[in-house]
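Following: one structure in structure tokens, then a few remarks.
For the numbers below, each heavy atom of this structure counts, side chains included, while hydrogens, waters and symmetry mates do not. Below, chain A is the first sequence line, B the second, and so on; all start at residue 1. All figures in this text were calculated on a predicted structure; none of them were measured in a lab.
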Amino acid sequence: MKPQKTKGLLKHGFMYIFQPRNLHKMKETIMLWSKAFIPTLKEVPADAQVKSHILMLRAGMIRQLSAGVYTYLPLGWRSMLRVMDIIRDEMDEIGGQEVFLPSTTPLELWAETGRDVGMGDIMTRFKDRRGTELALAPTHEEVITDLARGEIRSYKELPQTWYQIQNKFRDEPRPRSGILRVREFLMKDSYTLCADEAQLHEAYKLHEKAYRRIFERCGLQYFVVGASSGMMGGTGSEEFMVPSESGEDIIATCECGFAQNLEIAESFPTSVEWVSCEKAKVHTPEQRTIEQVSGFLKLPQGQLLKSLIYITQSGKAVMACLRGDHELSEEKLQAVCGEKVRPAEAEEVLKLTGVPIGFLGPIGLNAKLEILVDRAVDSEAPFATGANEVDYHIVGYKLTDISEYKKVDLRMVAEGDTCIHCGKPLNLIRTIEIGHIFKLGTKYSKPMGATFLDEEGAARPIQMGSYGIGVGRILAAAIELSADGDGIRWPITIAPFEVVITPVNVADEEVMSVATAIYEELLDEGIDVLLDDRDARPGVKFKDADLIGVPIRVTIGKGVKNGVIEIYERQTKTTTEVSIEDAMDSIIDLWDRLFEELSE
RNA sequence: CGGGGCGUGGCGCAGUCCGGUAGCGCACCUGCUUUGGGAGCAGGGAGUCGGAGGUUCAAAUCCUCUCGCCCCGACCA
């Protein structure tokens with residue numbers, strides 16, 4: 001899987017499309033550090049909190065324009081281009097054909113699938129001069145489906161795999177963590193058009209394989225987990241998750257291979273030591289939270305019944321009841337309700353039940369709303385819950401005391417839970433989502449009328465799949481995984497430069513002539529090399545080289561007098577002295593080795 | 001959208017409580033010395049104190065409004 005040595009920028013489609021220019025000339029300027037625009041920062045910018053954000057700013061890779069909107073500087077963009085190179089390579093490998101879809105889309109198109117409403121404020125809308133309503137595409141299912149319905153006629157034209165690398169616009173309510181959650185970002189998205197479910201399954205599996213190869217080549221550790229389909233809809237999806245403290249998602253994994261996003265994960269809960277008690281109503285003045293009530297009644301939190309009221313998108317109220325020590329998964333509740341839900345406001349709860357939050361319970365509320373009970377609540381066990389009366393709770397009641405309820409899966413997996421397949425304890429891991437693959441089925445093709453004629457001449461909706469990768473998130477995730485106290489440690493496959501040559505003193509002619517000779521030879525080999533020809537102190541150069549994370553540094557200094565230079569490996573911080581004659585071979589050997597470590 | 005914090009040279013910050021006309025470190029420019037892990041000395045340039053309005057003889061500082069950014073929550077492929 002190692003690229004041929006004339007790879008790098010020369011291969012990029014982007015370069016050909018947008019910048020047909022003399023690449024050799026560009027190389028000569030950009031690969032001299034003194035001429036390159038690499039604005040490194042010694043201090044940590046005040047706005048950055050997470051490791052990858054801090055380092056991308058400090059290494060001069062990105063700059064912020066506004067909340068969740070970033071400019072990629074030359075160093076950052078070079079790494080982005082290399083990630084895209086790998087993505088294109090692997091997408092082409094599974095028969096993908098690259099396209100380029102517009103970002104400006106008629107709002108009408110989104111109305112066809114109902115996502116003009118479904119997307120809500122995430123989708124930015126505006127009008128053109130004629131008053132036509134437009135939207136900036138947050139994703140491209142509708143655009144692709146529109147293309148397909150106009151062009152695909154026969155089963156003989158299927159399957160198709162179309163992909164693009166495009167900016168997506170999502171007006172996130174809260175952009176954060178640098179480049180991890182942004183409002184404008186580069187995504188590789190691909191779409192498969194298939195004749196039937198078997199074909200779709202095959203296309204889906206091919207994507208999974210391609211994604212595995214892409215992330216492996218990018219040097220990432222990752223989990224593939226079962227996931228919620230969210231606003232994409234469809235019949236099934238899996239996410240590719242990189243473990244990181246800076247991530248926003250939590251996944252549950254088991255050594256038996258089970259792995260799911262916490263949003264949908266299932267598990268066996270820990271058990272509760274019940275305290276037996278008789279039915280009673282207890283005065284519990286000002287005791288509202290689970291902690292307060294549990295402490296006041298001297299009952300374990302797991303013996304309380306937590307009652308939460310939610311309002312569905314269509315305006316229906318439901319009560320979700322869980323063990324006091326468990327958390328509700330809103331994703332699961334949404335799945336049960338079949339529509340979006342939101343927590344009820346305090347006033348709504350009061351109006352609906354006549355009871356303020358804190359003293360709610362399911363007993364006697366059937367007439368007012370639907371009651372859903374999480375299946376982890378033991379039917380036999382006595383529980384304590386709100387009495388639906390201010391300052392009172394009831395104890396010793398059982399589920400059978402609720403006249404009507406549905407038992408469903410509502411709870412979020414918690415620390416200490418065990419695996420539903422093998423019974424071993426689950427691990428909860430915080431992660432960054434870098435890819436997500438969906439089986440969409442006919443969710444878009446049906447309402448939009450994207451059909452083809454099968455062998456019998458019958459019109460059938462196209463079976464679709466949709467597959468995304470966050471290009472920028474790959475960079476952030478790689479940094480999160482491998483950075484150390486001195487800066488970034490790039491996997492060589494996505495480093496902005498593969499080698500940096502550091503002449504310790506540019507005023508020393510002998511040093512410079514050796515440095516320049518090695519630089520030019522490496523260029524001839526097709527290796528991405530940066531020559532640090534700045535008239536700066538060695539400490540500055542070493543610190544900067546460590547910070548921007550170039551995997552191989554060739555230091556040329558006092559050893560030259562004895563015919564010796566040094567090769568420094570950023571990952572391990574090990575230095576090897578070699579003779580000038582052996583330098584090229586040693587550098588290329590190390591270069592080869594670093595690539596080989598990242599291929600299967 | 002709720003809660004909290006912050007906007008002062010390019011970056012990091014002090015000054016705000018207690019009003020008196022802006023300062024420190026880094027970076028930058030010039031010169032000299034220096035050159036193996038973010039150099040030293042000397043000189044220099046650079047700030048609508050986020051914006052608007054108000055109070056006052058006088059506002060970075062007090063009051064009102066407003067914009068922006070960050071964090072937590074909500075939300076989220």
Side-chain angles (χ1 to χ4, degrees), chain A residues 39-50 53-54 57-58 60 63-69 115 118-123 137-141 168-178 180-183 185 187-189 227-234 237-241 246 248-249 261 263 310 330-331 334 340-346 432-438 440 466-470 473 485-487 502-508 511-512 532 534-547 553 555-561 564-566 568 573 575 577:
Chain A
T40 57
L41 303 173
K42 214 189 288 190
E43 290 180 275
V44 178
D47 284 347
Q49 327 283 328
V50 305
H53 188 199
I54 291 170
L57 288 168
R58 287 195 55 211
R63 287 293 183 263
Q64 180 170 352
L65 178 63
S66 65
V69 180
R115 288 213 294 183
M119 286 289 176
D121 292 333
I122 285 283
M123 189 157 74
T139 173
H140 283 84
E141 282 74 22
K168 295 284 186 286
F169 302 88
R170 295 187 188 176
D171 193 356
E172 295 286 347
R174 188 164 157 237
R176 72 185 104 175
S177 308
L180 284 177
R181 179 160 293 277
V182 284
R183 299 196 296 172
F185 60 101
M187 180 191 247
K188 186 291 301 184
D189 47 322
S228 152
S229 304
M231 72 174 172
M232 309 294 290
S237 80
E238 284 165 296
E239 290 171 323
F240 292 76
M241 312 297 273
S246 304
E248 297 181 276
D249 286 279
N261 192 308
E263 290 172 341
Y310 274 76
E330 289 190 3
E331 291 283 336
Q334 262 157 215
K340 281 201 161 189
V341 298
R342 62 167 175 85
E345 307 280 340
I432 297 168
E433 177 190 355
I434 51 170
H436 201 155
I437 56 179
F438 300 86
L440 299 175
S466 156
Y467 318 84
I469 291 180
R473 278 188 181 179
D486 290 312
T502 308
V504 164
N505 183 353
V506 296
D508 184 322
V511 165
M512 272 316 276
D532 192 352
R534 293 175 298 169
D535 183 13
R537 297 177 66 81
V540 173
K541 296 185 178 197
F542 295 152
K543 289 285 184 189
D544 268 349
D546 282 349
L547 177 61
R553 188 181 82 211
T555 312
I556 297 152
K558 58 192 174 196
V560 162
K561 309 241 172 325
V564 172
I565 62 160
E566 293 154 38
Y568 166 92
K573 286 190 167 163
T575 301
E577 293 198 348

Who is the Watson-Crick or G-U wobble partner of G73(B), with both distances under 3.5 Å?
C1(B)

Apply ring pair (Phe, Tyr, Trp, His ring centres under 6.0 Å) to F240(A) and list each qualifying residue two or more places apart in sequence or on a separate chain.
Y211(A), F215(A)

Could you check R473(A) against R181(A) for side chain to side chain contact (heavy atoms under 4.5 Å, CB included), going step by step and ending with a plain yes or no?
CA-CA 9 Å; R473(A) 278 188 181 179; R181(A) 179 160 293 277; 3.7 Å; yes

Would you mind telling me which residue lines up with the more 5' stretch of RNA chain B, E330(A) or R183(A), judged by nearest nucleotide?
R183(A)

Enumerate all atom pairs, one protein N or O and one N or O from nucleotides 70-73 of chain B, separated by less than 3.5 Å.
residue: C70(B); atom: OP1; partner: Q64(A); partner atom: NE2; Å: 3.1
residue: C70(B); atom: O2'; partner: Q49(A); partner atom: NE2; Å: 2.7
residue: C71(B); atom: OP1; partner: S177(A); partner atom: N; Å: 3.4
residue: C72(B); atom: OP2; partner: R174(A); partner atom: NH2; Å: 2.1

For H140(A), all residues meeting ring pair (Phe, Tyr, Trp, His ring centres under 6.0 Å), sequence neighbours excluded:
none

List for me each residue that meets side-chain hydrogen bond (donor to acceptor under 3.5 Å, both in side chains) alongside R342(A), sequence neighbours excluded, and say none if there are none.
E348(A)

For atom CD1 of I432(A) and atom C1' of C76(B), their distance in whole Å
16 Å

For the C1' atoms, the ones on G12(B) and on C70(B), what distance do you get once it is rounded to whole angstrom?
15 Å

Tell which nucleotide pairs with A22(B), taking only Watson-Crick or G-U wobble pairs whose two distances are both under 3.5 angstrom.
none

Can you tell me, in whole Å, how much space there is between the C1' of A27(B) and that of G45(B)?
13 Å

Rounding to the closest angstrom, what is the interatomic distance between C75(B) and G19(B) at atom C1'?
44 Å

Can you tell me, in whole Å, how much space there is between the C1' of U56(B) and that of U21(B)?
14 Å

Give me the atom names and distance for the closest heavy-atom approach of N261(A) to E239(A).
ND2-OE1, 2.7 Å

Using Watson-Crick or G-U wobble geometry with both distances below 3.5 Å, tell me the partner of U16(B), or none.
none

Mind running side chain to side chain donor-acceptor pair (under 3.5 Å) on Q64(A) and D47(A) for me, showing each step along the way?
CA-CA 10 Å; Q64(A) 180 170 352; D47(A) 284 347; 5.8 Å; no

Protein-to-nucleotide contact annotation, 5' to 3' order, nucleotides 34-42 of chain B [B base; S sugar-phosphate only; - none; under 4.0 Å, heavy atom]:
BBBBBB---

Counting Watson-Crick and G-U wobble pairs only, both distances under 3.5 Å, name the nucleotide matched with C6(B), or none.
G68(B)

Atom CD in Q49(A), atom CD1 in I54(A): separation rounded to 0.5 Å?
7.0 Å

In Watson-Crick or G-U wobble terms, with both distances under 3.5 Å, the base opposite C32(B) is G40(B)

For the P atoms, the ones on G25(B) and on G44(B), what distance do you get once it is rounded to whole angstrom?
14 Å

If I take atom CZ in residue R342(A) and atom C1' in nucleotide C1(B), what distance separates them, rounded to the nearest angstrom?
12 Å

Just the rounded figure in Å: distance from C1' of G12(B) to CD1 of I54(A).
13 Å

For C49(B), the Watson-Crick or wobble partner whose two distances fall under 3.5 Å:
none

Integer angstrom distance from the P of A59(B) to that of A52(B)
14 Å

Do you know the tightest heavy-atom contact between M123(A) and R115(A)?
CE-O, 4.2 Å

Using the P atoms only, state how far C69(B) lies from A22(B), rounded to an integer number of Å.
31 Å

Across all strands shown, which nucleotide pairs with C62(B) by Watson-Crick or G-U wobble geometry, both distances under 3.5 Å?
G54(B)

Could I get the full list of side-chain hydrogen bond (donor to acceptor under 3.5 Å, both in side chains) partners for T40(A), not counting sequence neighbours?
D544(A)

Report yes if some heavy atom in the side chain of T555(A) is under 4.5 Å from a heavy atom in the side chain of K541(A); otherwise report no.
no

In whole angstroms, the gap separating C1' of A74(B) from CD of E172(A) amounts to 13 Å

Determine the Euclidean distance between corresponding C1' atoms of G68(B) and C62(B); express it in Å to zero decimal places.
23 Å

Student check: side-chain heavy atoms of V511(A) and I556(A) closer than 4.5 Å:
yes

Classify the nucleic acid contact of V44(A) as base, sugar-phosphate or nothing, counting any heavy atom under 4.0 Å across all strands shown.
sugar-phosphate

